[in-house]
Every structure is written in structure tokens, then in C-alpha cells.
Amino acid sequence: MRRNSVRTAMTLCAAASLAAVMGTASAAPPATETAKPRQATPVLVDCFWHPDVRPANFILACGDGNSRLVSLHWSHWNQKSAVAEGVNMVNDCKPYCAAGKFHSYPVIVTLDHPEPWKKKPNVQHYSQMTLVYTDARPAGYAHTVTYPLWN
């Protein structure tokens with residue numbers, strides 16, 4: 001009887017040791033692999049402090065909405081920059097903004113200079129936007145205009 005008890009105990013210990021080793025071995029990553037930190041794609045922060053990736057529209061003049069980007073089609077969006085084609089809708093504010101008319105101007109939009117977003121430091125956001133007018137442009141605007149973006 002004692003012989004069976006010892007044999008059973010030894011078998012259980014061996015099984016438990018084998019299970020522990022197998023469980024540890026299967027859970028551990030191979031020693032040759034190293035985890036690479038994944039860098040998140042930067043976002044574009046809108047007037048309401050909402051982060052967005054590849055937005056179709058974007059308000060430039062948060063106070064009154066008299067300048068906005070519409071029909072944005074993004075050709076790329078990565079860790080360094082983003083580029084889109086779209087239309088800048090600008091109110092001429094003649095004779096005053098409430099009575100003014102919106103005019104459309106085709107633009108190429110470039111976002112760059114990603115940096116940590118102050119509201120969420122673990123999120124990168126683009127901090128600069130450049131508009132290149134490909135045809136007509138609003139009165140007083142240069143062919144290329146660069147804006148700092150809020151953070």
C-alpha cells in the first residue's frame with residue numbers, strides 16, 4: 001500500500017513539474033524576439049478638442065466658422081506628415097460676415113511637426129498645417145499659408 005502511495009505522489013509531482021514548465025515555456029516569448037514600441041499615428045485636433053485621423057472636413061476659424069476645409073481626400077497619413085487635397089471655403093464677409101458669401105478655393109493641405117498633445121501627452125498630434133492654393137485664393141492670402149495648430 002505504501003508503495004502505491006509513494007508512486008502516486010511521485011507521478012503527481014512529476015506531472016505538476018512538467019505542467020509548470022510547459023505552461024511557462026508556452027507563455028514566454030522566444031528569446032530572439034524583442035518587443036518594438038509601436039509609434040501611434042498622429043491625430044488632427046479639431047475646435048472641440050476631438051482627435052481625428054483623415055477627417056473629411058475641418059474648421060480653420062473656430063470662433064466663427066468663416067474658414068473651413070471640406071472634401072478632404074488624404075493621400076497619406078503617417079508618423080511624420082499627412083497630405084490631402086480639398087477645398088478651403090472662405091467667407092468674404094462683405095458687407096459683414098453674417099451677410100457674406102462663401103467662396104471655394106482648391107488647396108493641398110499638409111500636416112506636420114507632430115508633438116505630444118498637451119491634453120493627452122501620450123497622443124501625438126500634428127502641430128502645423130500648410131495650405132497651398134492650387135488656383136485662385138482669397139484676397140490678401142499668399143499662395144502658401146502656414147498655420148500653427150492648437151494643442
Side-chain angles (χ1 to χ4, degrees), residues 12-151:
L12 288 174
C13 286
S17 296
L18 182 60
V21 169
M22 292 303 291
T24 303
S26 64
T32 58
E33 277 187 34
T34 57
K36 295 180 183 176
R38 186 173 171 264
Q39 197 168 24
T41 303
V43 298
L44 179 60
V45 179
D46 68 16
C47 294
F48 304 104
W49 298 98
H50 298 137
D52 204 351
V53 175
R54 296 180 182 262
N57 303 301
F58 184 78
I59 296 174
L60 290 170
C62 291
D64 57 16
N66 283 321
S67 180
R68 63 186 71 138
L69 299 170
V70 298
S71 303
L72 294 172
H73 299 281
W74 299 93
S75 58
H76 86 269
W77 188 292
N78 62 33
Q79 284 79 14
K80 294 182 181 182
S81 65
V83 176
E85 289 186 32
V87 176
N88 185 195
M89 299 295 296
V90 180
N91 188 344
D92 62 16
C93 290
K94 293 181 184 175
Y96 50 93
C97 291
K101 294 181 183 172
F102 279 88
H103 301 275
S104 57
Y105 303 96
V107 291
I108 295 172
V109 179
T110 302
L111 304 174
D112 54 17
H113 293 103
E115 61 184 39
W117 182 17
K118 287 181 183 174
K119 183 175 179 181
K120 296 182 181 180
N122 61 330
V123 175
Q124 293 283 309
H125 80 102
Y126 293 113
S127 65
Q128 181 173 283
M129 175 185 288
T130 301
L131 303 180
V132 177
Y133 292 92
T134 59
D135 194 9
R137 59 185 182 262
Y141 281 49
H143 173 69
T144 301
V145 181
T146 300
Y147 299 103
L149 294 171
W150 42 88
N151 58 20

Ignoring hydrogens and angles, write down the donor-acceptor pairs under 3.5 Å from the side chains of residues 104-115, residues two or more places apart or on other chains.
| residue | atom | partner | partner atom | Å |
| --- | --- | --- | --- | --- |
| Asp112 | OD1 | Gln128 | NE2 | 3.2 |
| His113 | ND1 | Gln128 | NE2 | 3.2 |
| Glu115 | OE2 | Asn151 | ND2 | 3.1 |

Distance in Å, Cys97 SG paired with Phe102 CZ, rounded so as to fall on 0.5 Å steps: 8.5 Å
Spacing of NZ belonging to Lys120 relative to NE2 belonging to His125, to within rounding of 0.5 Å: 13.0 Å
Which atom of Val43 lies closest to which atom of Pro51, heavy atoms considered: CG2-CB, 3.7 Å
Side chain proximity check, Met129 to Leu60, heavy atoms < 4.5 angstrom: yes
Listed partners of Asp64 passing side chain to side chain contact (heavy atoms under 4.5 Å, CB included), at least two apart: Ala61, Asn66
Qualifying residue, where the test is side-chain contact (heavy atoms from CB on, under 4.5 Å) with Leu131 and the options are Leu69, Thr146, Thr144: Leu69
May I have the list of side-chain donor-acceptor pairs in residues 80-88 shorter than 3.5 Å, sequence neighbours left out?
| residue | atom | partner | partner atom | Å |
| --- | --- | --- | --- | --- |
| Ser81 | OG | His76 | NE2 | 3.1 |
| Asn88 | OD1 | Tyr133 | OH | 2.7 |
| Asn88 | ND2 | Ser67 | OG | 3.2 |
| Asn88 | ND2 | Arg68 | O | 3.1 |

Parallel, tilted or perpendicular: rings of Tyr126 and Trp77 (30°, 60°): perpendicular
Between CZ on residue Phe48 and SG on residue Cys62, distance to nearest 0.5 Å: 7.5 Å
Note, Val90 side chain near His103 side chain (heavy atom, < 4.5 Å): no
Point-to-point distance, once rounded to the nearest 0.5 Å, from CZ of Arg54 to CG of Leu44: 12.5 Å
Main-chain N/O of Pro55 paired to Trp74 side chain as donor or acceptor, under 3.5 Å: yes
Flag side-chain contact, heavy atom, 4.5 Å: Val45 against Leu149: no
